[in-house]
Amino acid sequence: MKITRLKVAMLNLMPQVALTVAYGSYPVLEYALLELYTAAGAFGLGEAAPDPEVTGETQAGVIRALETLAPLLAGRDPFDIEVILQDAEEAVPGCPAALAALDMALYDLMGKSLGVPV
């Protein structure tokens, strides 16, 4: 099984009550959704929750970082998670939310392909 493509989309969540933390209030949560696909049609989902105050990332930056990884992921075995994540971290340093989305999508894809929950 090899990764053939990825899709990245904005994911804007609007909670009934704004999320309020020590440094601000957020009526809209600007996330990113990553979908990894294989030739067999299997797919894995990952979500990035960037926070400029915490990770230094924005929604647009995470989307750019994930799209940058498309050539690096094409043809890779999703079960080779450690090497993929190491290569991704080198390709897009300083993007922990983006890498978290990739990590989740890889594990989701692996679990679905094995028929087990992750």
Side-chain angles (χ1 to χ4, degrees):
M1 175 170 52
K2 303 291 183 198
I3 297 169
T4 55
R5 68 182 176 95
L6 64 81
K7 180 180 172 185
V8 185
M10 289 190 310
L11 178 62
N12 294 325
L13 305 176
M14 291 163 242
Q16 290 181 348
V17 177
L19 173 67
T20 302
V21 294
Y23 50 83
S25 186
Y26 299 90
V28 178
L29 305 173
E30 297 180 339
Y31 294 174
L33 181 66
L34 172 64
E35 301 173 17
L36 293 180
Y37 291 90
T38 68
F43 69 96
L45 298 174
E47 176 188 339
D51 184 334
E53 296 290 329
V54 177
T55 68
E57 295 165 283
T58 63
Q59 182 185 53
V62 163
I63 290 170
R64 268 192 314 277
L66 291 170
E67 289 172 342
T68 298
L69 294 176
L72 179 123
L73 297 172
R76 303 287 288 267
D77 180 347
F79 284 77
D80 199 10
I81 290 177
E82 288 183 24
V83 174
I84 290 173
L85 290 174
Q86 183 178 8
D87 292 347
E89 189 170 9
E90 290 174 12
V92 291
C95 298
L99 295 175
L102 176 59
D103 185 55
M104 285 179 243
L106 289 167
Y107 275 105
D108 188 44
L109 181 55
M110 189 169 37
K112 286 176 179 173
S113 70
L114 295 173
V116 296
V118 290

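All values below were derived from every heavy atom in this structure, side-chain atoms included, with hydrogens, water molecules and symmetry-related copies excluded. Worth saying up front: this structure is predicted, and the values here are computed from it rather than measured. In this chain, numbering begins with 1 at the start of the sequence shown.
Side-chain heavy atoms closer than 4.5 Å link hydrophobic residues (I, L, V, M, F, W, Y) into clusters, and following such links, possibly through other members, connects F79 to L99. In the hydrophobic clustering of ILVMFWY residues, with side-chain heavy atoms under 4.5 Å counting as a link, Y31 and V92 come out apart. Linking Ile, Leu, Val, Met, Phe, Trp and Tyr whenever their side-chain heavy atoms come within less than 4.5 Å puts L13 and V21 in one cluster. In the hydrophobic cluster analysis, where Ile, Leu, Val, Met, Phe, Trp and Tyr join through side-chain heavy atoms closer than 4.5 angstrom, M104 is grouped apart from M110. When hydrophobic clusters are built by joining Ile, Leu, Val, Met, Phe, Trp and Tyr residues whose side-chain heavy atoms come closer than 4.5 Å, directly or via intermediates, Y23 is grouped together with L29.
Taking both residues in full, the closest heavy atoms of P78 and I81 are given as O-CG1, 3.1 Å, listed atom of the first, atom of the second, then distance. Contact between A101 and L66 at its shortest, heavy atoms only, is CB-CD1, 4.4 Å. Of all heavy-atom pairs between L6 and A70, the closest is CD2-CA, 3.6 Å. P15 and Y26 get closest at one heavy-atom pair: CG-O, 4.4 Å. Across all their heavy atoms, V8 and I63 have their closest contact at CG1-CG1, 3.8 Å. Closest approach of L73 to I84, counting heavy atoms only: CD2-CG2, 3.5 Å.
Taking CD from E67 and NZ from K7, the interatomic distance works out to 12.0 Å, rounded to the nearest 0.5 Å. In this structure, CE in M10 is found 12.0 Å from CG in L33, a value given to the nearest 0.5 Å. For the atom pair L45 CG and L106 CG, the distance stands at 12.0 Å (nearest 0.5 Å). One distance of note links CG of L11 with CD of E47; it measures 5.5 Å at 0.5 Å rounding. Rounded to the nearest 0.5 Å, atoms OH (Y37) and CD1 (I3) are 13.0 Å apart. A distance of 6.0 Å separates CG in L102 from CG in L36, rounded to the nearest 0.5 Å.
Two residues are said to be in side-chain contact when any heavy atoms from C-beta on lie closer than 4.5 Å; D87 and R76 meet this criterion. The shortest side-chain heavy-atom distance between D77 and K2 falls under the 4.5 Å cut-off.
Of the residues listed (T20, V17, L19), the one engaging S25 in a side chain to side chain contact (heavy atoms under 4.5 Å, CB included) is T20, and it is the only one.
A distance-only check finds no donor-acceptor pair linking the side chain of E57 to the backbone of D51 [under 3.5 Å]. The closest donor-acceptor contact from the side chain of T55 to the backbone of P50 lies at 3.5 Å or more, if one exists at all.
Within 6.0 Å of CD on E90 lie more than 12 heavy atoms contributed by other residues, nucleotides or ligands.
The side chain to side chain donor-acceptor pair (under 3.5 Å) analysis of residues 95-115, with sequence neighbours excluded, yields the pairs D108-K112.
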